[in-house]
Each structure stands twice: as C-alpha cells, then as structure tokens.
Amino acid sequence: MGRPYNFSAGPATMPEAVLQQAAAEMLDWHGSGMSVMEMSHRGAAFGEILERAEHDLRTLLAIPPHFRVLFSQGGALAHNAIVPLNLVGRRPARVMDFVVTGAWSQKSAQEAGRYGQTHVAASTADCGFTTLPDPASWRLSADASYVHLCSNETIHGVEFHTLPDLAALGSDAPLVIDFSSHVLSRPVDWTRVGLAFGGAQKNVGPAGLTLVVVREDLLGHALPICPSVFDYRTLAQAHSMANTPPTYAIYIAGLVFQWALAQREGELSGVAALQARNIVKAQRLYDAIDRSSLYVNEVDPACRSRMNVPFFLRGDDGQPLRDPAHPRNVAFLRGAQERGLLQLKGHKSVGGMRASLYNAMPMAGVEALVDYLRDFERQA
Ligand SMILES: *Cc1c(COP(=O)(O)O)cnc(C)c1O
C-alpha cells in the first residue's frame with residue numbers, strides 16, 4: 001500500500017525521499033539537537049543550509065553570476081505587486097507590457113495596473129487561452145520598464161517552450177517571467193530573461209517561499225512605497241535575510257534541490273534528466289487523451305504544458321462536459337479516488353479535469369492514470 005498519486009496543481013506532490021529525510025531530521029538536524037524550525041536564522045547551521053540551497057539552485061538552473069538569487073515570501077501573487085514596485089520606476093513613463101496567455105498573466109497585469117500603466121502587448125483571451133501568440137505579432141511599447149509573461153499557465157495548460165528574444169523584436173526592455181509552475185522542469189535561457197519569479201509549492205517545496213532570480217543591473221529602482229523587505233536590492237544585499245526568512249521552507253527546498261541534482265536519466269542528470277522524464281510523462285498522457293474518443297485536450301499541441309494537463313470528458317453528443325457536477329465527471333473523479341488517483345478536478349474557472357505532472361510525479365503515476373482513463377472509457 002504505497003502513497004496515492006496526487007495530481008494537484010499546487011501545493012503539490014513532493015519527492016517521497018525528501019519527505020522521509022525531513023522526517024528523519026525533524027527532531028535533530030545533523031547532531032545539532034534542534035529541528036531546523038528552531039534554529040536562529042543568523043546561526044552557522046542555518047547559514048550552511050541557505051548557502052547550500054542557493055548553490056544547488058544555481059547549479060540546477062545554470063544561473064549566471066550576474067544574477068542574484070533571492071529567497072522571498074508572499075507567493076507569486078505578492079510578487080505580482082512586488083515586481084512592478086521594483087521595476088516600473090526604471091523608466092519615467094512607468095509603462096509595463098504584458099503578454100496575456102491565461103489566468104495567471106491576466107492577474108499579474110491587473111495587479112501591476114495599481115503601480116503604473118499596463119499595456120497588453122498580446123492576448124489569447126479571444127480563443128479561450130488555448131494557444132500562444134506569435135511573438136512577431138506582439139505590440140511592444142517603445143519605452144516599457146519591462147515585459148511580463150507567464151512561462152507556464154498552470155490553469156489553462158499552455159507553456160512557452162522557447163522564450164522570446166525581445167531584442168530581436170525591437171524591444172530593449174527586460175523580460176520578466178512567472179515560472180512558478182515549471183521551474184526546475186526544464187532549463188532556463190538566462191540570455192532572454194531579466195527577472196524570474198515563482199512560488200515554491202509546485203516544483204520546489206512549501207507554499208509561501210518565493211524564488212526570485214534577478215539580473216543585477218535591474219536592482220535599485222524600487223518605488224519609495226515598496227516595503228523595505230521586498231526591495232529586491234535590500235534583499236540581495238542582505239542575502240535574503242532582510243528579515244527572518246522562511247527558514248524551514250528554505251530547508252525543504254534545499255532538500256528538493258539535492259534530490260533534483262541526484263536524478264539521472266541515461267547520460268543526463270539534474271534538470272536535464274528531469275526534463276527528459278517530463279517530456280516522456282507528458283507525451284504519454286497527451287497521447288492517451290488524443291487517441292481516445294472520450295477525452296479531449298483543447299490546447300494547441302505546439303504549446304501544451306508538460307506540467308499541467310487540463311482535459312475534458314465528452315458527453316454523449318461529443319461535446320466537452322465542462323460542468324463538474326455532470327454525473328459522468330462525478331463518476332470519473334469518484335473512480336479515480338478509489339484507485340488512489342487524487343486531485344484530478346479541473347480549476348473552477350475552466351471546469352473538467354486537470355492532471356499536474358510535476359517533477360515529483362513518477363512515471364508509474366502517469367501509467368496508473370492512463371490505465372484508469374482506458375478502463376473508465378471502456379465502461380462509460
Ligand atoms: C500557483 C501560481 C501562482 C500563485 O501563487 P501563490 O503562491 O498562490 O501566490 C501564480 N502564478 C502561477 C503561474 C502559479 O502557478
């Protein structure tokens with residue numbers, strides 16, 4: 001009787017080995033006689049944990065030296081405000097460009113509007129966020145302080161498989177990405193990014209902890225109303241200790257980083273190994289959906305997310321059953337639960353189903369889901 005497979009979009013499944021290690025070290029971290037939770041954030045032991053976590057994250061994502069790594073708090077939604085508070089003042093016009101490709105980038109644009117002028121450079125709202133806009137069609141402002149996009153839309157299941165080259169599109173603004181729901185699932189092209197931020201609760205660790213990776217030259221432009229502990233320059237100068245950092249969450253994230261570094265797939269290791277595995281996992285599920293006549297995923301195959309797979313069951317008329325209360329949807333979720341396949345209900349704004357396949361979801365979990373899809377279809 002193993003653990004059930006948890007397909008939640010977040011907080012999400014964790015590597016079991018990390019949970020085991022945290023349990024073993026709960027009362028006594030490395031002979032210190034203390035739990036990490038009880039340690040001073042200024043002490044040598046926690047200093048070691050923080051330093052190693054940053055070092056390992058830099059290794060995993062090949063973060064160049066001219067980027068700073070910040071362990072912040074508040075979740076990605078707090079940083080929807082904190083990013084503009086830090087960056088919009090870079091240029092007098094206080095304009096921010098947004099590429100709106102789903103619920104999360106839409107939320108980011110709304111929040112940023114409180115701190116400057118937002119401009120929607122492109123949007124896929126008209127097609128229900130089922131594809132990505134061609135960068136050649138983006139209407140970028142001449143004087144934007146930055147350009148924002150969400151590189152993986154957790155709710156709508158669309159993912160940027162390559163990041164745009166803003167310079168080639170005639171913009172000299174830095175690119176800001178919300179990479180909450182696919183960080184560590186694939187490498188990041190830092191030549192195209194000025195700032196990346198993400199909540200931890202998908203691929204990294206406990207909710208609340210928020211990663212920010214920012215190019216050094218973007219620091220130092222915070223508006224006077226920016227809370228001091230969220231001024232990225234202050235946070236960078238204080239090595240993420242402008243105030244007490246979320247120490248236990250950083251410790252758990254550090255264990256996840258060690259786990260990620262140890263992953264192997266043939267010749268590959270670390271994020272490259274995880275990426276290879278994620279490609280296979282996602283392909284397996286999308287193939288099963290595409291080949292069936294009961295299930296449907298409506299996202300353009302070129303921009304389907306490897307992490308979040310929204311799908312619908314069809315009704316007898318062949319139409320997608322969006323209403324979660326439809327008896328076929330209810331039966332599907334009940335049967336899944338009985339097999340230990342948890343949290344498959346879609347986001348309330350989209351309906352239907354969603355399976356999140358983060359790094360910690362093993363191939364066996366995907367196989368169990370695919371088996372269930374087949375069995376349910378047979379008896380439907
Ligand atoms: C989960 C998620 C968020 C929200 O994070 P909070 O920690 O709840 O603030 C924001 N953006 C994306 C892309 C997400 O997946």
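In listed order, ligands and their atoms are each counted from 1.
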For ligand 1, is there an N or O atom under 3.5 Å from any N or O atom of G199?
->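 Not met; the criterion fails.
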So, is L77 polar-close to ligand 1, with some N/O to N/O distance under 3.5 Å?
-> yes
Is there a donor in the side chain of N278 and an acceptor in the side chain of Y358, or the other way round, less than 3.5 Å apart?
->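 Y358 and N278 do not have a side-chain donor-acceptor pair below 3.5 Å.
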Donor-acceptor side-chain pairing of E377 and S293 below 3.5 angstrom | yes
Under a 4.0 Å N-O cut-off, is there an ion pair linking [X] with [Y]?
{"X": "D178", "Y": "K107", "answer": "no"}
{"X": "E54", "Y": "R58", "answer": "yes"}
{"X": "D371", "Y": "R339", "answer": "no"}

Where is the nearest protein heavy atom to atom 11 (N) of ligand 1: which residue, which atom, and how far?
->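 Minimum-distance protein heavy atom for atom 11 (N) of ligand 1 reads D178 OD2, 2.7 Å.
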Closest protein heavy atom (residue, atom, distance) for atom 1 (C) of ligand 1 = K202 NZ, 1.4 Å
For ligand 1, which atoms sit closer than 4.0 Å to a heavy atom of [X]?
{"X": "N152", "value": "13 (C)"}
{"X": "S181", "value": "15 (O)"}
{"X": "Q201", "value": "5 (O), 6 (P), 7 (O), 8 (O)"}
{"X": "T154", "value": "12 (C), 13 (C), 14 (C), 15 (O)"}

Looking only at heavy atoms, is any part of S180 under 4.0 Å from ligand 1, and if so is it the side chain, the backbone, or both, or is it neither?
-> side chain
Note: C150, heavy atoms under 4.0 Å from ligand 1, region reported as side chain
Kindly determine whether M241 and R42 satisfy side-chain contact (heavy atoms from CB on, under 4.5 Å), including the steps that lead there.
-> CA-CA 9 Å; M241 298 218 271; R42 307 272 173 207; 3.8 Å; yes
Lys/Arg cation over aromatic F312: R322, 6.0 Å, 45° cone | yes
